[in-house]
Student: 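Here it is, the structure, as structure tokens.
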Amino acid sequence: LEASSPPPVALGFEQLARAGGWWARIGIIVRKVVPPPSFIRRWWPAAEGNRRMLAFAYLYRPVWLAKKAPAGLRAWREARRQVRRGR
């Protein structure tokens, strides 16, 4: 995945796969859905210095993740297949 240009959430699926257990997976998911404000401001520049846009960005983040998840999951699965085949 890192050698290519994966869809935005593909690396998140790899983090989940490598997590040490269910609590670790839940922690990753929570951090992805509700990241720190500094991340949200970089991810959504309109939220910089604007509390309403920051709040809107937090509300939109789960929607964005859900929209990007199918392509990310497909890319992650394909990368795993290629690794298993030795490519």
Side-chain angles (χ1 to χ4, degrees):
L1 280 174
E2 291 177 1
S4 65
S5 296
V9 297
L11 295 175
F13 284 110
E14 181 60 21
Q15 288 175 333
L16 288 172
R18 291 180 182 220
W22 285 106
W23 287 113
R25 288 184 182 108
I26 290 169
I28 291 168
I29 291 168
V30 168
R31 284 190 307 275
K32 296 295 183 183
V33 174
V34 187
S38 59
F39 175 85
I40 291 290
R41 289 183 181 110
R42 279 193 316 272
W43 174 72
W44 189 308
E48 183 69 37
N50 186 330
R51 285 185 176 200
R52 286 186 186 184
M53 288 304 288
L54 181 62
F56 181 75
Y58 271 108
L59 292 173
Y60 181 65
R61 179 89 177 146
V63 174
W64 184 86
L65 288 169
K67 286 172 58 176
K68 302 294 181 179
L73 182 59
R74 282 192 301 272
W76 175 73
R77 283 182 173 170
E78 181 57 31
R80 285 191 69 166
R81 279 188 208 111
Q82 289 179 7
V83 167
R84 287 183 189 144
R85 292 180 187 150
R87 292 186 187 175

Student: Using ring pair (Phe, Tyr, Trp, His ring centres under 6.0 Å) as the criterion, list what pairs up with Y58, not counting sequence neighbours.
Tutor: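 So Y58 forms no ring pair (Phe, Tyr, Trp, His ring centres under 6.0 Å) with any residue.
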Student: If hydrophobic clusters are built by linking Ile, Leu, Val, Met, Phe, Trp and Tyr wherever their side-chain heavy atoms come under 4.5 Å apart, do V30 and W23 end up in the same one?
Tutor: yes
Student: Using every non-hydrogen atom in the two residues, find where A47 and M53 come nearest and quote the distance to one decimal.
Tutor: CA-CB, 3.8 Å
Student: To check you understand the geometry: which heavy-atom pair defines the closest contact between V33 and P62, and what is its length?
Tutor: CG1-CG, 3.9 Å
Student: Taking all heavy atoms of G49 and all of R41, pick out the closest pair and write down the distance.
Tutor: N-NE, 4.4 Å
Student: Does one hydrophobic cluster hold both W64 and L54, with members joined at side-chain heavy-atom distances below 4.5 Å?
Tutor: yes
Student: Could you state whether I26 and F13 fall into the same hydrophobic cluster, counting links through intermediate Ile, Leu, Val, Met, Phe, Trp or Tyr residues with side-chain heavy atoms under 4.5 angstrom apart?
Tutor: no
Student: Establish whether V63 and V34 are linked, either directly or via other cluster members, by ILVMFWY side-chain heavy-atom contacts under 4.5 Å.
Tutor: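 Yes, same cluster.
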Student: NZ of K32 to CG of L11: how many Å apart, nearest 0.5 Å?
Tutor: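 The distance works out to 8.0 Å.
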Student: Check whether any side-chain heavy atom of R61 lies under 4.5 Å from a side-chain heavy atom of P35, and answer yes or no.
Tutor: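 Answer yes - side chains close enough.
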Student: Any idea how W43 and Y60 line up, ring-wise: parallel (<30°), tilted (30 to 60°), or perpendicular (>60°)?
Tutor: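 It falls in the parallel class, under 30°.
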Student: Can you name the nearest heavy-atom pair linking G20 to A24, along with the distance?
Tutor: N-CB, 3.8 Å
Student: Could you point out which residue of R74, R80, Q82 forms a side-chain hydrogen bond (donor to acceptor under 3.5 Å, both in side chains) with E78?
Tutor: Q82
